Amino acid sequence: MDVVTLGESMVLFTPETTGYMRHADKYSSSIAGAESNLAIGLSRLGYNVSWISRLGDDEFGRKVISLIRGEGVETSQVQYDSTSPTGLYFKEILTDEETQVYYYRQNSAASNMIPADLNEEHISKAKFLYLTGITPALSETCYQTVKQAIKIARKHSLTIIFDPNLRRKLWTEERARKVLLELISMVDIVLPGIEEGKFLFGEEVPEKIAKCFYEQGAKLSVLKLGPEGAYYYSKKEDGYVLGPKVDNVVDPVGAGDGFAAGLVSGLLENLPIKEAVKKGTFTGALVIKVKGDIEGLPEKKRLESFMNEANKDDVYR
């Protein structure tokens, strides 16, 4: 197994028309969740990934497991909860340039995850553990489950990757800051954005943000810069990587998860850090060309073709 991850996946509803959802009467449905998005992205790129979670013992839970398992993701560690529902997520597309999201996940099945849900032997078989800051925000037991996963990963020498993925609505700023800083000090690689840099360290300059995360304990910090690509920082090297130009942005939500999938795939291939980051920027660029969180995640052949067609002079600075 290449990667194991844990977190909540929800059923996503998207109106078929733009504007306020109050006027929508038709929706398409899919699934979404930072960790399951990552798992699907890596599976499409040819890697073996296991996703750990809890789902409601309901039709929405069966929809989630069917889609994730159908993408080739290993789901043997997913449990069903008969007392809590599967979470829901609505995406409101006000205009082509403006999207808002609404979560209905309070007391969801995934928020009931506990450390005992984790199978040490199963996790020990992976090379990487991938976590986000969303899961510890769901509940105290989820926070403890994330810490237990890190403890197991450390014991078995897995590389731990963490995306802070700040969700302000899920917890207080004081709690979020305390927990995120704690977890960053416990992982190997961190994948923040500018927002997390401002929130945690009061910094806006990419170089300063990346260095702050490194000094907090992460061995490698890769700062996502959206259309500007990414900036990476480690003890041995640092630099900018420009992603491809995307003129037709259809849906920006999920780009960060696509970036993570591309980056992790590069690390699994033992590519130089700069090349792995480049792969992340190209994967994220493909995601925003398509409506939906997972629909644009590319398969290996498509990603390679997209990267080969790009002018390398436009990629780096």
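Note that this is a predicted model, so its numbers are computed, not measured.
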S.K.: In Å, rounded to the nearest 0.5 Å, how long is the span from OG1 of T86 to CD of E59?
M.R.: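 With rounding to 0.5 Å, OG1 (T86) is 10.0 Å from CD (E59).
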
S.K.: When you group the ILVMFWY residues by side-chain heavy-atom contacts below 4.5 Å and let the links chain together, are L271 and V3 in the same group?
M.R.: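 No; tracing contacts between hydrophobic side chains, which count when under 4.5 Å, never links both residues.
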
S.K.: Does any non-hydrogen side-chain atom of F201 lie less than 4.5 Å from one of K208?
M.R.: no

S.K.: Kindly determine whether Y20 and Q100 satisfy side chain to side chain donor-acceptor pair (under 3.5 Å), including the steps that lead there.
M.R.: CA-CA 10 Å; Y20 290 115; Q100 296 190 41; over 6 Å; no

S.K.: I'd like a table of donor-acceptor pairs (distance under 3.5 Å, sequence neighbours excluded) in which one partner is a side-chain atom from residues 167-192, with atom names and distances.
M.R.:
from : atom 1 : to   : atom 2 : distance (Å)
R167 : NH1    : N165 : OD1    : 2.7
R167 : NH2    : N165 : OD1    : 3.1
R168 : NE     : E195 : OE2    : 3.4
R168 : NH1    : E173 : OE2    : 3.0
T172 : OG1    : R175 : N      : 3.1
R175 : NH2    : E140 : OE1    : 3.1
R177 : NE     : F199 : O      : 3.1
R177 : NH2    : F199 : O      : 3.1
E182 : OE1    : Y143 : OH     : 2.6
E182 : OE2    : Y143 : OH     : 3.2
E182 : OE2    : K147 : NZ     : 3.2
S185 : OG     : E182 : O      : 2.5
D188 : OD1    : R154 : NH2    : 3.3
D188 : OD2    : R154 : NH1    : 3.4
D188 : OD2    : I160 : N      : 2.8

S.K.: Could you state the interatomic distance from OG (S139) to CD (E8), rounded to the nearest 0.5 Å?
M.R.: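 Here the rounded value is 10.0 Å.
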
S.K.: If we only count heavy atoms from C-beta on, is the T135 to M113 side-chain gap below 4.5 Å?
M.R.: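 The answer is yes; the side chains approach within 4.5 Å.
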
S.K.: Is E16 atom CD crowded by more than 12 heavy atoms from other residues, nucleotides or ligands, each under 6.0 Å away?
M.R.: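 Check passes, neighbour count above 12.
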
S.K.: Does atom CD of E237 have more than 12 heavy-atom neighbours from other groups under 6.0 Å away?
M.R.: yes

S.K.: Are S50 and Q77 close enough, and set up right, to give a side chain to side chain donor-acceptor pair (under 3.5 Å), and what steps lead you there?
M.R.: CA-CA 8 Å; S50 177; Q77 302 302 301; over 6 Å; no

S.K.: With a 4.5 Å heavy-atom cut-off, do L297 and L286 have their side chains touching?
M.R.: no

S.K.: Could you go step by step and tell me if E207 and Y240 meet the side chain to side chain donor-acceptor pair (under 3.5 Å) rule?
M.R.: CA-CA 9 Å; E207 292 94 336; Y240 282 93; 3.0 Å; yes

S.K.: Taking all non-hydrogen atoms of both residues, which atom of S9 and which atom of W51 are closest, and how far apart?
M.R.: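 Shortest heavy-atom contact: CB-CZ2, 3.5 Å.
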
S.K.: So, do L88 and Y102 sit near enough that their side-chain heavy atoms are less than 4.5 Å apart?
M.R.: no

S.K.: As an exercise, state the distance from OG of S111 to CD of Q106, rounded to the nearest 0.5 Å.
M.R.: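 Rounded to the nearest 0.5 Å, the OG-CD separation comes out at 8.5 Å.
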
S.K.: Tell me if a side-chain donor or acceptor on S305 pairs with a main-chain N or O of K301 at a distance below 3.5 Å.
M.R.: no

S.K.: Output yes when a side-chain donor or acceptor of S53 lies under 3.5 Å from a complementary backbone atom of G7, and no otherwise.
M.R.: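 At least one qualifying donor-acceptor pair exists.
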
S.K.: State the CG-OG distance between D2 and S43, to the nearest 0.5 angstrom.
M.R.: 10.0 Å

S.K.: So D57 and R62, do their side chains get closer than 4.5 Å, heavy atoms only?
M.R.: yes

S.K.: Using a 3.5 Å distance criterion without hydrogens, assess whether the side chain of E71 forms a donor-acceptor pair with backbone atoms of I68.
M.R.: no

S.K.: So, taking the atom named OG1 in T132 and the one named CZ in F162, what distance separates them when rounded to the nearest 0.5 Å?
M.R.: 7.0 Å

S.K.: Please check if the number of heavy atoms outside E269 that lie under 6.0 Å from its CD is greater than 12.
M.R.: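 Enclosed.
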
S.K.: Heavy-atom distance under 4.5 Å between the side chains of L67 and I294, does that happen here?
M.R.: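 Not touching, per the 4.5 Å side-chain cut-off.
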
S.K.: Is any side-chain heavy atom of I40 less than 4.5 Å from a side-chain heavy atom of V73?
M.R.: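 I40 vs V73: side chains touch.
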
S.K.: Without swapping roles, check the side chain of E74 against the backbone of S76 for a donor-acceptor pair under 3.5 Å.
M.R.: yes

S.K.: Report the distance from atom CZ of F13 to atom CE of M21, rounding to the nearest 0.5 Å.
M.R.: 11.5 Å

S.K.: Tell me, do K91 and T99 make a side-chain contact under 4.5 Å, heavy atoms counted?
M.R.: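 Yes - at least one pair of side-chain heavy atoms lies under 4.5 Å apart.
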
S.K.: So, are K155 and E120 salt-bridged, with charged N and O less than 4.0 Å apart?
M.R.: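 Result for this pair is yes, salt bridge flagged.
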
S.K.: What orientation do F90 and Y27 show, parallel under 30°, tilted 30 to 60°, or perpendicular over 60°?
M.R.: perpendicular

S.K.: Report the relative orientation of the aromatic rings in Y233 and Y214; use parallel for angles under 30°, tilted for 30 to 60°, perpendicular for over 60°.
M.R.: perpendicular

